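These notes concern the structure reproduced below.
If you're wondering where the values come from, they're calculated on a predicted model, not measured in any experiment.
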Amino acid sequence: MSTTFPPALSTDFLRTALRVDGWSTGAFGIVMLAGAAVLRDPLGLPTAWSIPFGVAMLGGALALLLIAGAPQIPFGQACAVVAVNALSAVGMVVLALSGLIDLTGLGVAFLFIGAAVVATFAAIEFSGLRAIAKTVCAGRGPASTKFG
């Protein structure tokens with residue numbers, strides 16, 4: 001007798017991770033936009049950088065929430081989320097260490113913390129994808145490129 005469970009159970013973790021990532025990305029994007037002038041001096045982050053970052057984060061948040069809210073999570077889009085988060089984390093570390101922007105010590109710490117948060121989301125979402133892949137490969141879920 002084999003144990004089976006609905007594929008929806010295996011996608012709940014990934015869907016929740018995508019939603020939390022989306023809402024937190026959106027909130028942070030708003031902070032970057034609304035606080036651009038206030039954060040400029042303490043972080044050393046020019047508004048010419050924080051405003052485009054904030055806009056991009058709002059766009060990313062919308063994409064994350066759309067993926068999470070889809071009836072079935074497209075595998076390729078979920079993989080893209082993991083890749084973009086991983087690359088964003090690396091990019092923040094590189095930016096913090098490059099000297100391209102004259103960041104304050106607090107600004108460098110800010111980027112390192114942001115990189116750690118984004119890398120954590122990448123790892124959580126990757127583990128959600130792995131759990132679904134294991135379910136599909138074990139024959140306990142639909143063999144599809146979309147996860148219900």
Got Phe13 and Ile132 here, is their nearest side-chain heavy-atom distance under 4.5 Å?
no
Quick check: do Pro42 and Phe110 have side-chain heavy atoms less than 4.5 Å from each other?
no
Out of curiosity, does Val108 fall in the hydrophobic cluster containing Ile101 (side-chain heavy atoms, cut-off under 4.5 Å, transitive links)?
yes
Return the minimal non-hydrogen interatomic distance between Gly44 and Leu103, and the atom names on each side.
O-CD2, 3.8 Å
Could you report the tightest heavy-atom contact between Thr25 and Met57, atom names first, then the distance?
CG2-O, 3.3 Å
How far does CG of Leu97 sit from CZ of Phe112, to the nearest 0.5 angstrom?
4.0 Å
Gap separating the CD1 atom of Ile67 from the CG atom of Asp21, nearest 0.5 angstrom
9.5 Å
Please say yes or no: joined through hydrophobic side-chain contacts below 4.5 Å, possibly via intermediate residues, are Val117 and Leu14 part of one cluster?
no
Do you know which two heavy atoms are closest between Ala122 and Ala86, and how far apart they sit?
CB-N, 3.9 Å
Single hit among Leu100, Leu45, Val90 for side-chain contact (heavy atoms from CB on, under 4.5 Å) with Leu95
Leu100
Which atoms form the tightest heavy-atom contact between Gly22 and Ala61, and what is the distance?
O-CB, 3.2 Å
Which heavy atom in Ala78 sits nearest to a heavy atom in Ile73, and how many Å separate them?
CB-CG2, 4.0 Å
Among the clusters formed by ILVMFWY side chains lying less than 4.5 Å apart, do Leu65 and Val20 turn up in the same one?
no
Transitively linked via ILVMFWY side-chain contacts under 4.5 Å: Trp23 with Phe121?
no
Tightest non-hydrogen contact, residues Ala17 and Ile124, listed as CB-CG2, 3.7 Å
In Å, rounded to the nearest 0.5 Å, how long is the span from CG of Leu64 to CD of Glu125?
6.5 Å
How far apart are the C-alpha atoms of Leu58 and Leu62, what are their side-chain angles, what is the distance that settles it, and do they pass the side-chain contact (heavy atoms from CB on, under 4.5 Å) test?
CA-CA 6 Å; Leu58 289 178; Leu62 179 59; over 6 Å; no
Side chains of Leu33 and Ile51: does their closest heavy-atom pair fall under 4.5 Å?
yes
Main-chain N/O of Ala70 paired with Arg15 side-chain donor or acceptor, under 3.5 Å:
yes
OG1 of Thr47 to CE of Met32: how many Å apart, nearest 0.5 Å?
10.5 Å
In terms of hydrophobic clusters joined by side-chain contacts under 4.5 Å, are Phe126 and Phe75 together?
yes
Quick check: do Val81 and Asn85 have side-chain heavy atoms less than 4.5 Å from each other?
yes
